[in-house]
Amino acid sequence: MFRITKRDKSSISDSLIFRSFGFAVGIILSMLLILLLGYNPIASIAALFDGAFGSLGGLRNTIKFAIPLATTALGLSIAFRMKFWNIGGEGQLLMGGTAAMFVSLIAGPNIPGWILIPSMLIAGIIGGAFWALIPGIFRIQLRTNETLFTLMMNYVALYLVKYLYHDLWRDRDPAKFNFPGIKMIQQQAVLPNVFGISVGIIVPLILAFLVYILIKRTKPGYEIRVVGESEPTANYAGMNVKRIMLGGVLLSGGIIGLAGAVKLAGETMTLTDNLTGGAGFTAIVIAWLANLSAPFILVVSFLVAGLEQGAQTMQLRLGVPAAVADIVKGLILMSFLGSEFFLRYRLVMTSVIGKNKRLHSQMKNHCDDPNVSDVSATRSAESDLTDDCAVRDEKAEVR
Amino acid sequence: MLSILTQPQFIASAISFSVILLLGTLGELLTERAGHLNLGVEGMMLLGGAIGYYAAVTTESLPLALIAACLGSGMGAFMYGFLTVTLRVNQNVTGLALTMFGMGLANAVGSKVAGTSTPVSIQAYFEYQPFHIKNPANELIAYIDRAFLSHDLYVYLTILLAIVMTIFLFRSREGLALRLTGENAAAADASGIKVTRIKYMYIVIGGMLCGLGGLYLPLVQQGSWTDTITAGQGWLVVALVIFVRWHPIKAIFGSFVFGALSILGYSVQLNTTLAKMPIFNQFIMSMFPYILTIIVLVITSARKKAWGGPAEIGHAYFREDR
């Protein structure tokens, strides 16, 4: 039989072995499902990887997908460090995009880009931070469950954007034949491309560095980690838990809002209810897989973005529905998550008979110890001891 | 406004809309009572819907469609259970991964039967309305009939299920064991309840109920499969469970309220004076269920003594933990 015990610490090589094993299991399960669905599994997976990383164009698209994912995951990682379960990435992304869109809409066409772009990005930060602040305040003051609160805020934001899209901000230009939609952002507000990649790429790169320094090397970062480990400890150490948590939540939401603004200005050019493309949810899994570590978040985001890009190639080349990418993504994520178990716990083989024998011999030594039984101790003490031994024997049998 | 709300057609369509939510809510409620927040409801509803509908179209048999839906969503729930119960992975993250997986598999399976409508032989089951009154004696009875009694068996069985589940949860030993597991898994374990078995069982049954809810969408309500047919109703279910405070009877009324709110936006569009007011915009109206849930969350957390749901939610139980 097996018994599960906790591991003290796992080495990096262990972590690598188990994670690659998890990845392999995910790929194999995906291939089985693809086969069951009636497509060629090997060709599909090959097309998936080739499409994502095999060509310059594919690589560019992968990076394009990775930018919002990485930025959002970096923002989430700060909240997760405090054990503030911010599931509201979708909403914060949307509100960041909405705020940036608002600035572009009210700004005249004469405002130069070097003023407009920063104002849009700052607006995005404020929008995202505001959307995280609402559940944050209730969490801090009333201990309202932030997982569910932030989740609900996603849908409030989603329907708000739908309302803006179909109604309030609708572009009623007759040339659009009454199709719903919001105007494009100002020409000068579009983020320029460098080598075919939006300059937005520097945002997650710089942020990863800053978040890393913040968490590992600064006092506020240390406080955030302590609050996450144990609020009573933080309190006892004289930290202002409420202030720290408020700061962390604002920072988390702000970074995610920035991701929304960057995506708006660099990729979609207008606000739609599909601005996020599910990035808010995917980023949660990314942050978790990367163990909340900023450099790893960049790596994992790149790989997950590769799955999304590769799926399109798979569809184009083999006619495999793009939905298969979600299957592969979901399965790889789940097997990755599952492999975590083996890093935290150990399976110990226990042979029932052998264990009983060992225990018995220990007991016997103890009970037969002449120093204990021969010494003319009082009667009560002696009976206590034999009872004790009987109990232990019984326990050994039970095991 | 009131005239819209009291129209028998409006009430009737709100009820048929709320069946999907109610089934999902009952399923998620069981899961959460066992101490597991499964954010994969959307994925499981889609899995049940797609696989069940695929079976319905290919076999033209309702029982097989129901079984296929249960198997599909039960498989998703089992994966979630394996990861969160046995492997003790974070529940939120696993649920989200399940939604991704479920959405992908459902859309891939569904694309094979897209464009085909529900077989006539199966439609016939749902045309049978057991309580429908053929010749109403007066206006009132006719009204009640059109609003409440002209539904298919699926609707009434779902409501019956909610009642049975209430009795099960609060009046049976098994129900007590389930609630204890969700409140304090260590205490349940110490009292001899097989915690792992209970968790697996209700996570999987819960998933199956979500899948049956998902099946009603393509099979009856829309009559065909479209990509991501649930369109966020799975998330509405997660909200509903909190809104009804983890209670099956309240879930009947809660899902009716949410169902009504979800279609009210469309009904109001027909009334030109109301449609012009921003508050009655269909998208603003769609926010209300979520805002209501937030209000419930805040109120219960403000009342210190109020019960805030099964205490074990989100925690992985490990016997050797202290």
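In the text below, chain A, chain B and the rest are named by the order of the sequence lines, each starting its count at 1. Here the structure is a predicted model, which is why all the values come from computation and not from measurement.
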- Measure B:S286 against the heavy atoms of chain A and call it side chain, backbone, both or neither at under 4.5 Å. both
- Measure from the side-chain N and O atoms of B:R88 to the backbone N and O of A:R344, and report whether any donor-acceptor pair falls under 3.5 Å. no
- Item | Spacing of A:L158 atom CG and B:F283 atom CZ [to the nearest 0.5 Å] | 9.5 Å
- Counting heavy-atom pairs under 4.5 angstrom with chain A, the leader among B:T94, B:T84, B:N92, B:N107 is B:N92
- Task: Show your working on side-chain contact (heavy atoms from CB on, under 4.5 Å) between A:L33 and B:F101 and close with a plain yes or no.
- Result: CA-CA 11 Å; A:L33 262 180; B:F101 167 74; 3.5 Å; yes
- Note on the structure: Heaviest contributor of heavy-atom pairs below 4.5 Å to chain B, chosen from A:M152, A:K329, A:R143, is A:M152
- Item | Heavy-atom pair with the smallest gap, counting every atom of B:L105 and A:I327 | N-CG1, 3.3 Å
- Do A:I332 and B:M100 have side-chain heavy atoms sitting under 4.5 Å apart? no
- Task: Give, as side chain, backbone, both or neither, the part of B:I242 having an atom under 4.5 angstrom from any heavy atom of chain A.
- Result: side chain
- Task: Flag yes if more than 12 heavy atoms outside B:Y54 fall under 6.0 Å of its OH atom; otherwise flag no.
- Result: no
- Correct closest heavy-atom pair for A:A323 and B:A108 would be CB-N, 3.8 Å
- Within residues 275-282 of chain A, which positions have a heavy-atom distance to chain B below 4.5 Å? A:F281, A:T282
- Message: With a 4.5 angstrom heavy-atom cut-off, is it the side chain or the backbone of A:L148 that approaches chain B, or both, or neither?
- Response: both
- Describe, in one word, how the ring planes of A:Y345 and B:F318 are oriented to each other, choosing from parallel (under 30°), tilted (30 to 60°) and perpendicular (over 60°). perpendicular
- Item | For the student: nearest non-hydrogen atoms of A:T144 and B:S301, plus distance | OG1-OG, 2.7 Å
- Item | Heavy atoms from other residues, nucleotides or ligands near CZ of A:F21 exceed 12 (cutoff 6.0 Å) | no
- Contact part of A:T5 toward chain B, heavy-atom cut-off under 4.5 Å: side chain, backbone, both or neither? both
- Message: If you compare all heavy atoms of A:F138 against all heavy atoms of B:V298, which two are closest, and at what distance to 0.1 Å?
- Response: CE2-CG1, 3.5 Å
- Item | A:F296, CZ atom: more than 12 neighbouring heavy atoms under 6.0 Å | no
- Note on the structure: Closest non-hydrogen atoms of A:T147 and B:L37, given as atom of the first, atom of the second and distance, are CG2-CD2, 4.3 Å
- Note on the structure: Honestly, the part of A:L37 sitting under 4.5 Å from a heavy atom of chain B is both
- Item | Option in B:L297, B:T300, B:I291 with maximal non-hydrogen atom pairs under 4.5 Å from chain A | B:L297
- Task: Please examine the side chains of B:L39 and A:L151, heavy atoms only from C-beta on, and report whether any two atoms are closer than 4.5 Å.
- Result: yes
- Pick one of side chain, backbone, both or neither for A:Y165, based on which atoms fall under 4.5 Å of a heavy atom in chain B. neither
- Task: For A:W288 and B:N90, run side-chain contact (heavy atoms from CB on, under 4.5 Å): C-alpha distance rounded to whole Å, both residues' side-chain angles, the deciding distance at 0.1 Å, then the answer.
- Result: CA-CA 9 Å; A:W288 195 257; B:N90 180 288; 3.4 Å; yes
- Message: What's the separation between atom CE in A:M334 and atom CG in B:L98, rounded to the nearest 0.5 Å?
- Response: 5.0 Å
- Message: Is A:N145 in contact with chain B via its backbone, its side chain, both, or neither, using a 4.5 Å heavy-atom distance?
- Response: both
- Counting only heavy atoms closer than 4.5 Å, note whether B:T86 contacts chain A via side chain, backbone, both or neither. backbone
- Query: Can you tell if the side chain of B:I294 reaches within under 4.5 Å of the side chain of A:M153, non-hydrogen atoms only?
  - Reply: yes
- Query: Given that the side chain runs from C-beta out, which part of A:F149 has a heavy atom under 4.5 Å from chain B: side chain, backbone, both or neither?
  - Reply: both
- Message: Could you report the tightest heavy-atom contact between A:L333 and B:A97, atom names first, then the distance?
- Response: CB-CB, 4.2 Å
